[in-house]
Every structure is written in C-alpha cells, then in structure tokens.
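The structure appears right after this line, and notes come after that.
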2 protein chains.
Amino acid sequence: MASPTVFDLAQLRRGCSQCSLQQLCLPAGIDAAELAQLERIVKRRRPVARGERLFRAGDALQAVYVARDGAFKTITGNEAGEEQIVAFHLPGELMGLDALGSGAHRCEAVALTTAQVCEVPFESLVAVAQQLPGLQQRLLRVIGQSVDRDRDHLDMLVRRQANERIALFLHGLGARLRLIGRSGEDVTLPMSREDIARFLGLALETVSRGFTRLQDDGVIAVSGRRVQILDPVELERLAHGQEPPPQKQAGRAAR
Amino acid sequence: MASPTVFDLAQLRRGCSQCSLQQLCLPAGIDAAELAQLERIVKRRRPVARGERLFRAGDALQAVYVARDGAFKTITGNEAGEEQIVAFHLPGELMGLDALGSGAHRCEAVALTTAQVCEVPFESLVAVAQQLPGLQQRLLRVIGQSVDRDRDHLDMLVRRQANERIALFLHGLGARLRLIGRSGEDVTLPMSREDIARFLGLALETVSRGFTRLQDDGVIAVSGRRVQILDPVELERLAHGQEPPPQKQAGRAAR
DNA sequence: CGCCAAATTGACCGAGCTCAAAACGAGTGG
DNA sequence: CCACTCGTTTTGAGCTCGGTCAATTTGGCG
C-alpha cells in the first residue's frame, strides 16, 4: 500500500548484499567474500501469489526459503482434516526447516499475501556452510531462533487463558514486525481470524470476542484486519497473565 | 532392575563405539575414524542424581548433553512461578539445544531419575562438525529430530481433548521407548502425574482421571507409575481422536 | 446493486479446572 | 511388626471458561 507495487525487475535481481533483511537473514555476520559465495547459490523467485504453496507435506527437502516481503503460514493437516497452524513467517524468517529431522517436509508453507521469496538449495547451503565457519554458525543460530519461536508458540498454548493468548499473540507479532523495521503499533494483519484461532488453539469466535474485549478496554483499536496498539504497556501486562484493573479509562459500562 | 546396578567404573569409561545408543545418538552414520575424533571431545560424567540440574535458564551454552540411561525433563518458569514442562528426554535424545538461538539456555534440565550423562562441549562439537561432513549432517538431523518432537508436543496441545492428549502421550512415549530397545507396552513412568499434567497442559486431577478412564475401558492397567498397555490398537485409535466404541469388553457398568 | 466470505454478536452447554477430602505407598522410628 | 508421617494419587462436587450452533452485520468485488 505505502509503496507502489509495480513489477520491479531490478529489485527482483538485487542480491543479499543490498537486501534490507541482510542483518536478520542468513547473511548476517559474515564477511564480504563469504557473502558473495552465499549469494551464488541463492535463487530469487518471482512473486508468489496468495494461497500458493512453497512446499507440501511429504515433499523431500530441496531448499529452505526466506520471504523478502509478504507473509506465510505453515500448516499441518489434522488426520481429522482440520488444518492446524504451526507458525506464521514474516520476512527474514526461515521456512522449510521442519524437514531437517526426516528429510521430508511435515507441513506445507502457504502464502498469506503476495510475496517475494528467496530459495536456498539445501544441499548447497550445507556444502557452503561446511567451508565457511561464519555461515555454519549463522545457520545454527537461525535454526535456533526458529526453535525459539516454536517455543514461544508453545508457551502461548499451555495453561493460558484465551485473552492471554490473544494479547501474547499481538504483543509477539508487534515485536517481530519492529525487528524488520515495520511499526509494531499499527499493524495490518496478513492472516484471518480463523488463522489466528487455529494458531492459538481457540475457536475463531473466541478470537473475535477477544479482539472486541481489548478494544472495549481501550488497549487496541480494531477495524477488520487493521489493529492499532493504543496501550502497549497494558497489552504486555495482559500478555503476562495480569487481569485488567477493575476500572478502565475507556467506556465499557456504556454499551 | 534387569542388570546389576553396582557402580561400574569400566562401563563409565566405555566410549561411543560400545554404547548401545550408537545408532540413535550423534555417532550414527559416521565412520570409525570420524567416530574416534568425536569420542575425543565427549566427556562422560559420573551419575547425576534425581532432581539435579544439567543447566539452568540463563546459563551460557557450554555443552549439549545426552543421557545414556535415566530420564530428564526440561522446564521453564512461568513468570507466575508455575513451572511449565517443555519436554521429556529419554536416553539418546539431545538436551541443551534450546540455547542455539540466543547463546543462553531458556530452560533448565532436571533429572527425573538417577542418570548417566554424556557431555559434549558445544564449541568443540561445531569445530569437529566443520571438518567432518558426516557429523555435520548428523548434527543437523539430530537437531531436526528434536524439533520434530517439539512439533509432536505442539500437536498434542492444540485443539485436542484431555483424553486424547493422554492417549497420545502414552502412545508416543511407548514408541520412543521401543526405539531404545525397551518395552513400549510395560512402562514404569519416570515422571509424576503432575509432571505429565504440566507437559500436557492439563490439571493433574484430569490426568489421573484420564488414566482411570483408560483402565476402566480395558486399554491400560495402571498401578502407580507402572503402566501396561493392554490394547495398543485401541490406544492408537483414542490418540487419533476416535471416541471409544459405546460398549467395551471390560466391566465399566460395574463400579 | 447484489453476492459471498469474513467477522461480530448472542445464547447455551459441557469439558475440564478448582477446591476439598480421602486413599494409598514409601519411609522412618519405636 | 506396627504406628505415624509425608508426598503422591485418586475420587468427588460444583462452577466457569470457552466451544458450538446460529443469526446478523460488515466489507470487498464483480
């Protein structure tokens, strides 16, 4: 929305050295010569359309992926057919590591919006990492960060009230958006209420009610997928399980 | 129980090449020369007592650990002070990888029973892996398997009924025990009901009731921490969300 | 303007949490 | 061998949070 979305071939060709995610993505902390070697194996793909899949469950591990912009969800199909959301992926966050254990993907990566994706053939990545200690360490760290996000997700699901989960979700999303230089206080959610519900282990109605509650309490302002964090401090309090103080500034009594 | 538990110094000194976990642990799939190089950096520690900690939250990443026998839990402290159980670790399953992302441990590893532990200094491990492609791949795979277990845990917690979680837990534990050559049908649980509850995101009373229910239905026999799987097929059905058939063989009507 | 998907709101109900008490088992000491 | 204690586990009873079903409302788009 903010920037023109014309099809910019030049931008498409830009390498890691000019990518705004350089400090967050695999290239972080390796020197110029090493960067060149990494760049040689990275493929940049043309835009991925909303709903398109990078890989499917059962696919052999060919490559790992990083979005330059846009957003993805990784999902697994419950044997009941219901889809469960494993993670959301923002730009700079690696996708495809779920195949490390068995060599085949356990989930599918679906684009939530149109997106630009870098693809790194896995064999080449491992081979290059073998030669470059810096990249090797970087790779382990990126994997670790992905595990950390999974852990945060887990913390969100265990023994937490619905409202707590929702606050935690908004809080965490804001923090990650700020990391990639976007506002964490004025967010246009790339995912539906149903996606959020399936991520948080709640019914979609509960998510909707939670949003409404936060709005009534003056913590956020919601308009469809646009969410503004009005009171980050209070949001953080709620995320950590504190009940809202009995009386609040915004008009809740007046319905 | 089966083998004498005298303090066996010789066994303590035995290297990876004679370890029964060789096929599951890091050494799997690397050749003899490589194995020797790995062995050089592995430290074997004397027994760890029940309740002892391998590392604490916030500790810098020094080493990763593998139990040769015994069992561990990794826990994180809820800010509320309540401990949340992140994972249980059986022999051959790596511990300490939670520090990969930030360089510091996010959780603590606590021994559930007396245990024998191998300690692998992390820096050395990475350095050796740098030189040995086989070990490098092995390391990534072991990390991946650990992520897979986390994923299974997550699947257990999201949108699953209490009874389903419990069945899934027993089923998964049995499968992992069978992998290390122990019976999956006759298990002495190393953890308390409370530990299980904190792992499954349930109240301990709910876990206890779930066990009783499974016993009443003739699926398992429970006696304290001893659990026998009487009907593995039915257990698997329950684990996958199927309700028990209306009429069961065992006497439930007769209380 | 009308259509369809997404989101909100309402009403009801049941799984599972909480509080409470009893039963059990493993030590410990007389 | 029994009595006593302490921790773990089981069982019971009631209530609440959040799921389910259903009816609107909203918003995007042809």
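Each chain gets a letter, A, B and so on, in the order its sequence line appears, and its residues count up from 1. Here the structure is a predicted model, which is why all the values come from computation and not from measurement. The analysis underlying the following values was restricted to heavy atoms, covering all of them including side chains, and did not include hydrogens, waters or symmetry mates.
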Considering all heavy atoms, the nearest I166(B)-V207(B) contact: CD1-CA, 3.8 Å

Check residues 86-97 of chain A and write down every donor-acceptor pair under 3.5 Å in which the side-chain atom is one partner and the other belongs to a residue at least two apart or another chain.
from, atom 1, to, atom 2, distance (Å)
H89(A), NE2, T74(A), OG1, 3.0
E93(A), OE1, L90(A), N, 2.9
E93(A), OE1, R176(A), NH2, 2.9
E93(A), OE2, R176(A), NE, 3.0

Would you kindly give the CZ-to-P distance between R160(B) and dA15(C), to the nearest whole Å? 18 Å

Rounded to whole Å, the CD-C1' distance (E164(A) to dG18(D)) equals 14 Å

May I have the distance from R213(A) (atom CZ) to dG10(C) (atom C1'), rounded to whole angstrom? 17 Å

Measure CZ/R225(B) against P/dA26(C) and give the value in whole Å, please. 11 Å

Taken to the nearest whole Å, CZ/F211(B) to C1'/dC24(C) is 17 Å

R178(B) side chain to E185(B) backbone, donor-acceptor under 3.5 Å: no

What is the distance from CD of Q161(B) to P of dG18(D), rounded to the nearest Å? 16 Å

Electrostatic pair E205(B):R209(B) at N-O distance under 4.0 angstrom: no

Roughly, in whole Å, what's the span from CG in N163(A) to P in dG19(D)? 11 Å

How long is the line joining CD of Q215(A) and P of dT9(C), in whole Å? 8 Å

Are D195(A) and K73(A) close enough for a salt bridge, meaning some N to O gap below 4.0 Å? yes

Looking for any heavy atom pair under 4.0 Å, which part of the strands does R159(B) touch: base, sugar-phosphate only, or nothing? sugar-phosphate

I want to confirm an ordering. Mapping A162(B) and S223(B) to their closest nucleotides on DNA chain C, which one lands closer to the 5' end? A162(B)

Between M191(A) and R165(B), which is nearer to the 5' end of DNA chain C once each is assigned its nearest nucleotide? M191(A)

What are the residues of residues 192-209 of chain A, sorted by number, that bring a heavy atom to within less than 4.0 Å of DNA chain D? G201(A), L202(A), A203(A), E205(A), T206(A), R209(A)

Checking side-chain polar atoms at under 3.5 Å, does D59(A) have a donor or acceptor matched by the opposite partner on H105(A)? no

Start with the C-alpha distance between F55(A) and Y65(A), add both sets of side-chain angles, then the distance that settles ring-ring contact (aromatic ring centres under 6.0 Å, His included), and finish with yes or no. CA-CA 10 Å; F55(A) 50 83; Y65(A) 307 84; 5.7 Å; yes

